[in-house]
Amino acid sequence: QVQLVESGGGLVQAGGTLRLSCAASGRAFSRCTMGWFRQARGLEREVVAALSWSGASTDFSDSVKGRSTIFRDNAKHTVSLQVNSLKAEDTAIYFCAADTDEHVPPSGYDYWGQGTQVTVAS
């Protein structure tokens with residue numbers, strides 16, 4: 001079992017930087033693939049970024065590629081997402097997710113946080 005709690009959401013300015021953190025509990029965290037997802041109002045949830053258990057492999061959606069970073073600290077049981085050059089379309093509820101499968105598809109994550117609202121003000 002892995003419990004996840006996101007923090008760092010809120011109101012941010014367009015063009016600014018978003019920093020989200022996810023605190024995890026549970027022994028399995030260090031072996032989990034971690035993902036950040038978001039869901040904007042009226043739209044389906046989409047994966048934003050993913051990170052392998054070692055941190056060596058990352059993947060980003062086209063919507064944030066080139067302006068985002070995902071990293072983890074297995075000793076502290078945290079995974080973080082940074083998104084730069086924020087746009088209004090980055091407004092969404094952001095979720096942290098985890099799964100013990102190294103090749104988990106976006107629809108297959110077993111563990112989810114409650115989400116944190118991010119609103120980008122123009």
Side-chain angles (χ1 to χ4, degrees):
Q1 289 283 344
V2 178
Q3 294 79 43
L4 305 169
V5 179
E6 304 94 337
S7 62
L11 182 65
V12 290
Q13 293 298 313
T17 296
L18 171 68
R19 296 182 181 88
L20 299 176
S21 183
C22 176
S25 59
R27 297 181 184 180
F29 171 78
S30 61
R31 301 188 304 274
C32 282
T33 298
M34 300 301 298
W36 280 98
F37 292 72
R38 68 185 183 187
Q39 187 168 18
R41 184 174 297 178
L43 300 179
E44 293 186 355
R45 186 170 58 194
E46 63 169 350
V47 61
V48 176
L51 178 66
S52 64
W53 68 269
S54 68
S57 177
T58 60
D59 194 20
F60 297 92
S61 68
D62 289 342
S63 61
V64 300
K65 191 172 293 183
R67 60 187 181 100
S68 295
T69 305
I70 183 172
F71 53 95
R72 68 191 296 162
D73 186 331
N74 284 340
K76 295 182 178 179
H77 283 207
T78 60
V79 60
S80 301
L81 175 71
Q82 179 169 311
V83 182
N84 302 318
S85 303
L86 288 169
K87 310 172 185 178
E89 50 263 44
D90 292 319
T91 295
I93 300 173
Y94 283 71
F95 299 88
C96 176
D99 199 273
T100 55
D101 185 351
E102 181 180 2
H103 302 291
V104 56
S107 60
Y109 283 78
D110 279 340
Y111 306 106
W112 292 85
Q114 81 288 351
T116 184
Q117 175 70 48
V118 173
T119 303
V120 180
S122 57

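We're numbering straight along the sequence, starting at 1.
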Measuring from [X]:[atom1] to [Y]:[atom2], what's the distance to the nearest 0.5 Å?
{"X": "H103", "Y": "S52", "atom1": "NE2", "atom2": "OG", "result": "10.0 Å"}
{"X": "K87", "Y": "S122", "atom1": "NZ", "atom2": "OG", "result": "14.0 Å"}
{"X": "L43", "Y": "R45", "atom1": "CG", "atom2": "CZ", "result": "13.5 Å"}
{"X": "L11", "Y": "T119", "atom1": "CG", "atom2": "OG1", "result": "6.0 Å"}
{"X": "W53", "Y": "T100", "atom1": "CH2", "atom2": "OG1", "result": "13.5 Å"}
{"X": "H77", "Y": "R72", "atom1": "NE2", "atom2": "CZ", "result": "9.0 Å"}

| request: Could you walk me through whether Q82 and T69 pass side chain to side chain donor-acceptor pair (under 3.5 Å), step by step? | output: CA-CA 5 Å; Q82 179 169 311; T69 305; 5.4 Å; no
| query | Can you list every pair that meets disulfide bond (SG atoms under 2.5 Å apart) and has a residue in residues 33-75, with sequence neighbours left out? | reply | none
| query | Tell me the disulfide bond (SG atoms under 2.5 Å apart) pairs involving residues 20-93, sequence neighbours left out? | reply | C22-C96
| task | Could you please spell out the steps behind the side-chain contact (heavy atoms from CB on, under 4.5 Å) verdict for R41 and I93? | result | CA-CA 8 Å; R41 184 174 297 178; I93 300 173; over 6 Å; no
| remark: Tightest non-hydrogen contact, residues Q3 and G26, listed as OE1-N, 4.5 Å
| Heavy-atom pair with the smallest gap, counting every atom of R31 and R27 |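 The pair with the smallest heavy-atom distance is NH1-O, 3.9 Å.
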| message | I'd like to check the ring pair (Phe, Tyr, Trp, His ring centres under 6.0 Å) partners of W112; sequence neighbours left out, ordered by chain and number. | response | F37
| query | Within a radius of less than 6.0 Å around NZ of K65, do more than 12 heavy atoms belonging to other residues, nucleotides or ligands occur? | reply |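 It does: K65 NZ has more than 12 such atoms within range.
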| query | Which residues, ordered by chain and number, are linked to F29 in its hydrophobic cluster, where ILVMFWY side chains connect at heavy-atom gaps below 4.5 Å, directly or through other members? | reply | V2, L4, V12, L18, L20, M34, W36, V48, L51, F60, V64, I70, V79, L81, V83, L86, Y94, Y111, V118, V120
| request: Could you list all the salt bridge (charged side-chain N to carboxylate O under 4.0 Å, His left out) pairs where at least one residue sits in residues 89-106, not counting sequence neighbours? | output: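 Qualifying pairs: R38-D90, R67-D90.
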| field | Listed partners of Q114 passing side-chain contact (heavy atoms from CB on, under 4.5 Å), at least two apart | value | V5, E6
| said: Quick check: do T58 and F71 have side-chain heavy atoms less than 4.5 Å from each other? | reply: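 Of all side-chain heavy-atom pairs linking F71 with T58, none is under 4.5 Å.
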